[in-house]
Q: 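Take a look at this one; I'll ask things after.
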Amino acid sequence: MIRFIAKRLGSGLVVLFVVSALTFFLLYISSGSIARNILGDQATAEQVALKEQELGLDQPLLTRYLAWVADALSGNLGASWFTSEPVANSLASRIPVTMTMVFTAMILIAICAALIGVLAAVKRGWVDRVVQVGAIIGDSIPGFVIGVILVTILAIQLGLFPATSTISPEAGADAWVYSMSLPVIALLINGVTGGAQQIRSAVIKQLERDYVRTLRSRGIGEREILFKHVLRSAAPAGLTVLSLQLIGMLGGVVIIEQIFALPGMGPLAVAATGQSDLPVVMGVVMYTVVVVIVVNLLVDILNGWLNPKVRVS
Amino acid sequence: MSDSVETAAAAASTPAVPTGQSGTVVRSTVIRRLFRNPLGLVAMTILLAISLLAILAPVLAPFDQNYANIAKTLAAPDSVNILGTDSAGRDVWSRLLFGAQLTLLSALLCAGVAIAIGLPAGLIAGYYAGKFEAVSNWVVSILMSLPGLIVLLTIRAAFGPSVWMSMIAFGILISPSYFRLTRTAVQSVRNELYVDAARVSGLSDLSIIARHIFSVVRAPIIIQTAAIAGVAIAIQSGLEFLGLGDPTKATWGVMLSEGFKNVYLTPTLLFWPALAMALTIGGLVLLGNAIRDALEDGEKIKHRKQAATSVKGPLAGPTPARLPARPSRKSVAAVDLGTEHHLVKVTNLGVGYPQADGSIKKVVDDVSFHVDRGEFLGIVGESGSGKSQTAFSILGLLPENARVVGGSIQFDGNYTVAPGEERVSQERLSKLRGKRISYIPQEPMSNLDPAFTIGYQLVTPMVRVLGISKAEARQRALKLLADVGIVSPDRTFNAYPHEVSGGMAQRVLIAGAISCEPDLVIADEPTTALDVTVQADVLDLLRELQRRLNIGVILVTHNFGVVADLCDRVAVMQNGRLVEEGPVRDILRNPQEPYTQRLLASMLEGKEPMSMLVSPRPKEPVA
């Protein structure tokens, strides 16, 4: 098991390295006018040249990348070109907000999607039809549009929730939960509809397996078959579904935070993108990839624990 | 678009029939099914309407997309601006139309890029495998681990606001979905006989791919494209909603963003682009589902046809016309008569499956037989003869949609299916299954749960059914494993199913079947999936256990040789009906029915059928 984890961790690091290189070259390959953009149209050619030197843009691309890697390994991700705030600091202050939302939403998705999906697979009938229709509706309306609709109706028209959620945790747990609930709901609706549908399919697939029939023939009760055998075998598929949703949510949360004016990664990423503040963009990509790698690693470990065959190989 | 849907759907539903008339027939039925599906029709209508509006935007739109009337901002709908104006005084309806144009084009671009990369890569990886596949799998795993929106933000930061740039990037990012789909499809047909035949007949790889393999992946690709176009529209709009789109272009995302800025003043500005998006993406989702349903229905019908023809296979020969006459009622009636007590008594059993058109297709029809304790009954027939369905009705393990359409089943004098009941009573059978009736399946590996040790799967039923302690059950399980001829029971007990051989797994399943000392064991082709050398051992084991424990056994098989070896009595089934039933020796020596004669003749290939079977065969102890 330890070798298995080490192998996965190693391949995760390789991915991190490759993605960082790709992103870096992609970002800086077309960076001819960066200094000009920062200084504005009024700046003279000398000022621009000086700024380029200051940012290290006169160096060859490879040298700059290696320097970035060296810095990054010591925890220094550079500083914003516009605010001069160290990227690592801005990330550190914003990651908790975003991650709280993402993980709250993911836990709720996992619980709701699993419950509804299993219920639909076992009971079929109307529950199943609701899940099917729900999945189509969820697929048809992008998550951020659902967020917009929720804000417009629940917050602005009906005034049930605050429309913006810029409340710090110090304002008291109640107020904080209250202000966070709408963004989290907006974040999880698509996840629940899609997840329930896919978990339903995974469970139905397992229920049709031969060994389920044999277990029944041995006199094992339906409930034990479902909870001990079927769910365990369907779990890897469910985990994969959830991990893909989490990856998607790292993008979706950017828009949701923008809608609700939350001080998370979203506004930082959007502002940096709009200004081509490349060090910040680079930092955002790195944080995302690290989260993805960690999540995938956890999923692999869980799968190894659930499935003896994976563990052995 | 509907043209390509037609051909692709047809091709995918007939992968084994690359050309010819049958292809045409299936194609028309898939298309007809697609049009008959109300949701499919709605989806196509919506998408067609939106496409038309988009194409005709320059004609239909009363204003240019960026024409701004500053004197008339955020206006309510009137005769000039039928949906009102936005905060810059631009006409919402016109912008919606031009937005449709750009949105659909960008979705097409994204899907096009994804197909251009994913399809050839998938074809190559699937067809040639090797290093290319390994490398592409690795690239795929990287691409799949990147959240789309974050990548698009990066592209936007590097290249500025361009719909086309971001859609090309997203196309690359999402190309793995085509890659994986194509690779899987190609792998599944790569080793098909008709592809081998094409290769042998000297076709180049390129033309094999073009002619045979490409036709298999077309329909899945169309379904995938519907989904991906929807995702592309959503993510592009998301980017624009963040204010990172091209402000000079009217797209639905830009309009949403603009509407959200004015949400306190005129929330209707949000409504129209949101509606347009939901309709378009919803239409694509529904269309994809409808095509998939149409194809799946086509598959089902094809399987049914194949099954039907295989039943009338070589053995049935030219005499199927007399089948419904129920030829051997006499011999069946002999069993049927009276009310004598049997371990299992099946009376006039009928099993059927409801069809889409409301009729019921009978797979078992008017079957009667009985089994007593200590008796070995063989049910013999070709695949599709209804023998397994009969066995599963006794076990109460028919598939969910099966219906008992006639007759009854009694176990030890009690009805498990009373006359007139539509389903097997699970309530009554759950008390019998495992305890008094048990089951030996056909395919050993798939019948053990891969996630649990063999020991666990032996012990639990004993604990549940017999109510003994785990430790006691463990002792019994080890003894059972030794009884069924497993050399080191301890090791097997602790092994996972994937760690033992097929023959070993089948012995484990037999041990499981007899673990709770049942009165009746139903064995469904217990040796078909095993090596020939292992088959004999397993059959000997079955016979030995049956004699020692004095249990009744129903052995379902297509092999008369096995029947001759083991059974006391045999029932011959064909097309869901019982053709002939009686003591094995009588039937082997003197088969009454032409079908039985043909079945025997085909097994023994012209030898004098009884020569080697008359003399009683000495039974060797289990190896």
Side-chain angles (χ1 to χ4, degrees), chain A residues 15 18-19 23 26-27 29-31 136-137 139-142 144-145 148-149 151-152 156-157 209-211 213-221 224 229 232-233 244 247-252 254-255 258-259 269-270 272-274 276-278 281 284-285 288-289 292-293 296 306-309, chain B residues 141-142 144-150 153-160 227 230 233-235 237-238 241-244 256 260 263-264 267 270 274 277-278 281-282 285-286 289 395 397 430 433-435 437-439 441 443 446-452 460-461 464-465 496 498 509 512-513 516:
Chain A
V15 170
V18 171
V19 173
T23 314
L26 197 66
L27 281 175
I29 199 114
S30 57
S31 58
I136 291 176
I137 296 174
D139 277 351
S140 305
I141 309 178
F144 78 92
V145 177
V148 168
I149 294 170
V151 172
T152 312
I156 294 173
Q157 305 279 335
R209 293 270 298 268
D210 286 349
Y211 72 79
R213 189 170 57 200
T214 300
L215 285 168
R216 284 186 183 136
S217 82
R218 296 279 186 268
I220 304 287
E224 181 170 351
H229 296 270
R232 187 181 175 129
S233 313
L244 287 176
I247 294 176
M249 195 182 282
L250 291 174
V254 169
I255 311 183
Q258 191 80 354
I259 293 174
V270 172
T273 304
S276 291
D277 194 348
L278 301 190
V281 175
V284 170
V285 173
T288 312
V289 177
V292 169
I293 288 170
N296 282 344
L306 285 167
N307 184 351
K309 221 166 171 175
Chain B
S141 72
I142 292 186
M144 300 253 311
S145 66
L146 300 172
L149 195 78
I150 302 292
L153 289 180
T154 314
I155 298 294
R156 165 66 171 78
F159 299 103
I233 292 174
I235 202 155
S237 312
F241 180 80
L242 290 172
L244 299 173
L256 263 183
F260 192 61
V263 67
Y264 288 95
L270 277 174
M277 270 168 67
I281 303 176
V285 170
L286 285 179
N289 285 358
L395 278 161
L397 295 176
S430 61
R433 263 199 311 258
K435 196 169 198 166
I437 309 179
S438 74
Y439 164 63
E443 163 60 53
S446 66
N447 278 286
L448 290 165
D449 185 342
F452 290 86
T460 319
R464 297 286 180 277
V465 171
Y496 283 98
H498 68 268
L509 284 162
C516 298

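Heavy atoms only: backbone and side chains are in, while hydrogens, waters and symmetry mates are out.
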Q: Taking all non-hydrogen atoms of both residues, which atom of B/Pro147 and which atom of A/Thr288 are closest, and how far apart?
A: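 Closest approach of B/Pro147 to A/Thr288: CG-CG2, 3.2 Å.
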
Q: Can you measure from CD1 (A/Ile255) to CG (B/Leu149) and round to the nearest 0.5 angstrom?
A: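 If we round to the nearest 0.5 Å, A/Ile255:CD1 and B/Leu149:CG are 5.0 Å apart.
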
Q: Where on B/Ser237 is there a heavy atom nearer than 4.5 Å to chain A: the side chain, the backbone, both, or neither?
A: both

Q: What's the spacing between A/Asn296 CG and B/Met144 CE if we round to 0.5 Å?
A: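 Going from CG on A/Asn296 over to CE on B/Met144, the span is 9.0 Å.
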
Q: Compare every heavy atom of B/Ala234 with every heavy atom of A/Pro142, then report the nearest pair and how far apart it is.
A: CG-CB, 3.6 Å

Q: Do B/Leu244 and A/Val270 have side-chain heavy atoms sitting under 4.5 Å apart?
A: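 Heavy-atom side-chain distance check passes, below 4.5 Å.
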
Q: Any heavy-atom pair between the side chains of B/Phe241 and A/Val145 that's under 4.5 Å?
A: no

Q: Using modelled atom types only, decide if a donor and an acceptor are shared between the side chain of A/Arg216 and the backbone of B/Ser430 within a distance under 3.5 Å.
A: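 Here the side-chain-to-backbone pair does not exist.
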
Q: Answer whether the closest heavy-atom distance between the side chains of B/Thr460 and A/Glu224 falls below 4.5 Å.
A: yes

Q: Identify which of B/Asp449, B/Val285, B/Ile150 forms the greatest number of heavy-atom pairs closer than 4.5 Å to chain A.
A: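 That would be B/Asp449.
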
Q: What's the separation between atom CG in A/Leu244 and atom OG in B/Ser145, rounded to the nearest 0.5 Å?
A: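 The CG atom of A/Leu244 sits 10.5 Å away from the OG atom of B/Ser145.
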
Q: Find out whether A/Val254 and B/Leu242 are in side-chain contact, i.e. whether some heavy atom of one side chain is under 4.5 Å from a heavy atom of the other.
A: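 A side-chain contact exists here, since the closest heavy-atom pair is under 4.5 Å.
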
Q: Tell me, for B/Leu146 versus chain A, whether the close heavy atoms (under 4.5 Å) come from the side chain, the backbone, both or neither.
A: both

Q: To check you understand the geometry: which heavy-atom pair defines the closest contact between B/Gly282 and A/Ser140, and what is its length?
A: CA-OG, 3.1 Å

Q: Starting at OG1 of B/Thr154, measure out to CG of A/Leu278 and round the result to the nearest 0.5 Å.
A: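 The distance works out to 10.0 Å.
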
Q: Where does A/Val292 contact chain B at under 4.5 Å (heavy atoms): side chain, backbone, both or neither?
A: side chain

Q: Nearest 0.5 Å, please: how far is CD1 in A/Ile137 from CD1 in B/Ile281?
A: 13.5 Å

Q: Identify which part of B/Leu270 has an atom lying under 4.5 Å from any heavy atom of chain A, answering side chain, backbone, both or neither.
A: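 For B/Leu270, the contact with chain A is made by the side chain alone.
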
Q: Checking heavy atoms, do the side chain of A/Ile220, its backbone, both or neither come under 4.5 Å from chain B?
A: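 For A/Ile220, the side chain is the part near chain B, not the backbone.
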
Q: With a 4.5 angstrom heavy-atom cut-off, is it the side chain or the backbone of B/Ala227 that approaches chain A, or both, or neither?
A: neither

Q: At a heavy-atom separation under 4.5 Å, does B/Arg156 approach chain A through its side chain, its backbone, both, or neither?
A: both

Q: Where does B/Ile235 contact chain A at under 4.5 Å (heavy atoms): side chain, backbone, both or neither?
A: neither

Q: Rounded to the nearest 0.5 Å, what's the gap from CG on B/Leu286 to CD1 on A/Ile136? Could you check?
A: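 If I round to the nearest 0.5 Å, the distance is 5.0 Å.
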
Q: For the candidates B/Leu395, B/Leu509, B/Ile155, which exhibits the highest count of non-hydrogen atom pairs separated by less than 4.5 Å from chain A?
A: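 The candidate making the most pairs under 4.5 Å is B/Leu509.
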
Q: Given the options A/Val148, A/Thr23, A/Leu215, A/Ile141, which has more heavy-atom pairs under 4.5 Å with chain B than any of the others?
A: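 Winner by heavy-atom pair count: A/Val148.
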
Q: Can you list everything that forms a ring-ring contact (aromatic ring centres under 6.0 Å, His included) with A/Tyr211? Sequence neighbours excluded, please.
A: none

Q: The criterion is side chain to side chain donor-acceptor pair (under 3.5 Å); which residues satisfy it with B/Asn447, sequence neighbours excluded?
A: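 If we apply the side chain to side chain donor-acceptor pair (under 3.5 Å) test to B/Asn447, skipping adjacent residues, the hits are A/Thr214.
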
Q: Side chain from CB out, backbone as N, CA, C, O: work out which of these in A/Val281 comes under 4.5 Å of a heavy atom of chain B, or both, or neither.
A: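 The side chain, not the backbone.
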
Q: Between chain A and each of B/Ile142, B/Ile233, B/Asn289, count heavy-atom pairs under 4.5 Å; write down the option with the most.
A: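 If we count pairs closer than 4.5 Å to chain A, B/Ile142 comes out on top.
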
Q: Would you name the heavy atoms of B/Tyr439 and A/Arg218 that are closest together and state the gap between them?
A: O-NH1, 2.9 Å

